[in-house]
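As structure tokens, the structure follows; a few thoughts come after it.
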Amino acid sequence: MSSNVLVELQNVGKTFHSAWGSVEALRDINFSCFESEFISIVGASGCGKTTLLRIIAGLEKPSSGEAFFNGEKIEGPGYDRAVVFQEPRLFPWLTVEKNISLPIQSQKGSQKTEQIVEQVLRLVEMSNFRKAYPYELSGGMAQRVAIARALAFEPKALLMDEPFSALDAQTRSRLQLQFIDLWRKTNRTVILVTHDIEEALILSQKVVIMTPSPGTIKETLEIPLAYPRNKDTLEFIELRKYILKSIL
Amino acid sequence: MTLKNHKHLDNNLTQLNTNGKDAVKIIIRGIAFPLTIIIIWEFAARLGLVNQYFLPSPSKIFDTFSTMFISGELGRHLLASVKRLIYGFLITVIFAIPLGILVGKAKYFRYYVNPTLSFLQQIPPIAWIPIFILWLGIDEANKVAVIVYASFFPVFLNTVQGVNSVDPKLVEVGRAYMLTPMKMVCRIYIPSAVMSIFVGLRLGLSNCWRALVGAELIAASSGIGYLITEGRTLSQPNTIFVAIFTIGIAGSLLDLSLKRAEKKLMPWKKDV
Ligand SMILES: Nc1ncnc2c1ncn2[C@@H]1O[C@H](COP(=O)(O)OP(=O)(O)OP(=O)(O)O)[C@@H](O)[C@H]1O
Ligand SMILES: [Mg+2]
């Protein structure tokens with residue numbers, strides 16, 4: 001294992017058993033992600049993207065194979081990873097700012113926490129809503145707060161499950177650009193699950209293409225384009241066509 | 001079924017918290033119907049369409065109310081009832097909530113206690129009064145016991161339910177973000193159980209109030225329920241009606257105050 005590999009999955013499989021039968025969600029997944037790399041995972045609905053992310057997060061144990069983070073076997077969640085779930089999952093009884101500060105308050109102290117909260121809220125354009133309760137937010141706004149909560153946690157790796165999918169096109173591309181900036185500034189590792197091929201191409205250095213039943217990795221594609229990326233270049237369009245074809 | 005009845009009332013009452021103009025509108029709407037009834041009733045009484053002995057006119061009832069209010073008689077009886085209610089309800093809260101949390105956390109416990117609870121729940125609290133008198137004497141204790149019996153189940157059951165119904169997705173967020181067990185309990189389990197506990201408290205309180213009046217009808221020398229017995233033995237329908245109206249109004253006010261407390265405690269809760 002190379003020294004700067006941050007995430008490593010070796011022959012990982014995952015089968016869920018339920019009352020009506022069992023589902024093989026992942027089979028024989030080999031995956032690695034270097035430090036400060038930005039990887040996107042794309043694939044059809046139900047192909048196991050969320051499951052893969054949850055294994056890396058330590059929220060799900062693989063049925064077979066092994067998963068490593070920073071050279072250590074993943075046994076559970078850790079301070080080095082933060083998850084943006086597919087749903088916002090904010091605590092309804094806490095205001096926006098309390099939702100963000102809850103996980104970090106005791107480590108960082110209240111002054112530092114205050115600073116971080118302000119900063120991440122500005123980043124997701126939610127500063128005006130810091131005192132609001134989640135029921136007062138739209139779906140997209142709530143999801144932005146969830147992104148802010150993960151950023152505030154300052155993890156080594158951000159694990160994001162379709163974080164921008166609830167946003168309108170304009171807000172989405174604005175936040176995507178800001179997110180790229182942030183990533184390049186902080187050099188944080190990002191693993192992003194998305195069903196939006198364009199989003200994967202705009203944001204990431206590598207695109208992992210998955211196919212369903214059972215979920216397997218079909219191909220890992222390097223995206224050799226420079227940032228910020230232009231959707232209208234020939235290369236971009238060719239890549240998009242190629243990925244679209246491989247997913248189907 | 002009681003819960004459903006309450007929902008309608010709540011909507012009327014909580015909307016009082018909204019802005020002034022709306023509040024006036026809501027009060028007017030809420031009062032229009034009873035006011036119409038009272039006016040018709042008054043006319044019917046004055047025109048001699050109903051026997052004054054069976055159904056005294058609203059103005060006569062109001063006279064009696066004023067006299068009883070000014071003499072302090074009404075206040076004394078109301079206070080006696082409310083005191084019992086507070087004792088009983090406090091005992092319930094002190095026992096039912098912690099017990100509910102414990103049982104809610106112990107997964108299989110409910111299979112052992114549920115059948116017994118539903119059996120006990122079917123028995124109207126008033127049916128126990130003779131036994132409670134036998135065990136606890138004729139004084140205050142038997143009435144307090146009835147109140148505890150009447151409110152225990154809703155508070156206990158809703159607490160159990162609250163603890164059980166914590167959203168596992170939120171618990172997972174706590175896990176993913178490395179919250180300490182202390183923070184998990186204080187910031188996730190307790191807040192999510194609180195909503196359900198409050199539903200239980202409000203149901204319990206209204207059960208209490210009704211059971212208490214029942215108990216006072218049977219065995220008491222003071223209290224609003226006793227006032228009804230007194231009115232009957234002295235053949236004073238006016239007194240009976242004053243007592244009945246007081247029961248209804250005091251009960252609504254109790255519920256409203258708990259509803260207000262709920263709003264204060266849980267600003268995150270959306271109005272239904
Ligand atoms: N907790 C679970 N219990 C049983 N089956 C599960 C569970 N979680 C996921 N699965 C199954 O695993 C498969 C992959 O699910 P997963 O959520 O990883 O898909 P996904 O790629 O994230 O899909 P989407 O794009 O719709 O979010 C599905 O067939 C699903 O039914
Ligand atoms: Mg998913």
Side-chain angles (χ1 to χ4, degrees), chain A residues 50 53-61 69 74-108 131-137 142 145-146 148-161, chain B residues 10-11 14-15 17-19 97 101 104 107 158-159 161-202 258-272:
Chain A
T50 297
L53 205 69
R54 287 170 59 81
I55 287 174
I56 299 170
L59 295 170
E60 210 85 69
K61 286 222 181 319
F69 190 91
I74 297 173
E75 300 282 4
Y79 289 104
D80 43 19
R81 284 154 285 159
V83 189
V84 179
F85 292 92
Q86 203 163 345
E87 326 82 38
R89 299 201 191 180
L90 303 177
F91 297 115
W93 42 86
L94 298 180
T95 57
V96 165
E97 59 180 353
K98 291 264 170 61
N99 260 290
I100 297 171
S101 63
L102 177 66
I104 59 175
Q105 196 128 44
S106 39
Q107 283 104 286
K108 310 249 166 172
K131 299 277 182 220
Y133 283 97
Y135 79 85
E136 297 166 300
L137 307 179
V145 176
R149 171 171 67 187
L151 292 175
F153 202 57
E154 300 188 330
K156 263 209 174 68
L158 269 171
L159 310 174
M160 308 173 89
D161 200 347
Chain B
D10 292 346
N11 285 347
T14 39
Q15 279 161 19
N17 294 343
T18 51
N19 54 54
I97 292 179
I101 290 175
K107 262 191 180 160
N158 278 286
T159 306
Q161 150 119 25
V163 173
N164 279 328
S165 66
V166 174
D167 184 355
K169 290 190 165 182
L170 293 183
V171 174
E172 199 176 66
V173 172
R175 210 152 72 80
Y177 282 91
M178 306 296 284
L179 296 190
T180 57
M182 189 64 191
K183 273 198 172 163
M184 290 284 250
V185 170
C186 295
R187 298 306 189 132
I188 302 179
Y189 282 97
I190 291 180
S192 49
V194 153
M195 299 194 202
S196 182
I197 292 174
F198 247 92
V199 171
L201 287 179
R202 291 187 41 227
L258 209 56
K259 189 82 192 157
R260 288 251 164 142
E262 187 179 4
K263 263 210 122 128
K264 275 257 163 59
L265 261 171
M266 294 181 279
W268 70 82
K269 209 179 140 195
K270 225 195 299 205
D271 286 333
V272 188

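Keep in mind that the numbers below use all heavy atoms, side chains included, and drop hydrogens, waters and symmetry copies.
When atom types are taken as modelled, the side chain of K61(A) and the backbone of I74(A) share no donor-acceptor pair closer than 3.5 angstrom.
Only the side chain of L94(A) comes within less than 4.5 Å of a heavy atom in chain B; its backbone stays farther off. Heavy atoms closer than 4.5 Å to chain B are found nowhere in A132(A), neither backbone nor side chain. Interface remark: L179(B) contributes side-chain atoms only to the contact with chain A (heavy atom separation under 4.5 Å). Proximity to chain B (any heavy atom under 4.5 Å) is restricted, for R81(A), to the backbone atoms N, CA, C and O. Proximity to chain B involves both the backbone and the side chain of S106(A), based on heavy atoms less than 4.5 angstrom apart. For E87(A), the part sitting under 4.5 Å from any heavy atom of chain B is the side chain, from C-beta outward, and nothing else. For chain A, the nearby parts of S192(B) are the backbone and the side chain; heavy atoms of each come within less than 4.5 Å.
Counting non-hydrogen atoms of other residues, nucleotides and ligands closer than 6.0 Å to NZ of K156(A) gives a total of 12 or fewer. No more than 12 heavy atoms of other residues, nucleotides or ligands shown are found within 6.0 angstrom of NZ on K98(A).
The pair E136(A)-K131(A) fails the salt-bridge criterion, with no side-chain N (NZ, NE, NH1 or NH2) lying under 4.0 Å from an Asp/Glu carboxylate O.
In this structure, Y79(A) and F153(A) have parallel ring planes: the angle between them is below the 30° cut-off, well short of the 60° mark.
Taking the centre and axis of the six-membered ring of F91(A), the NZ or CZ atom of R187(B) falls outside the cone set by 45° and 6.0 Å.
Between chain B and the residues G78(A), A57(A), P134(A), the largest count of heavy-atom pairs under 4.5 Å involves G78(A).
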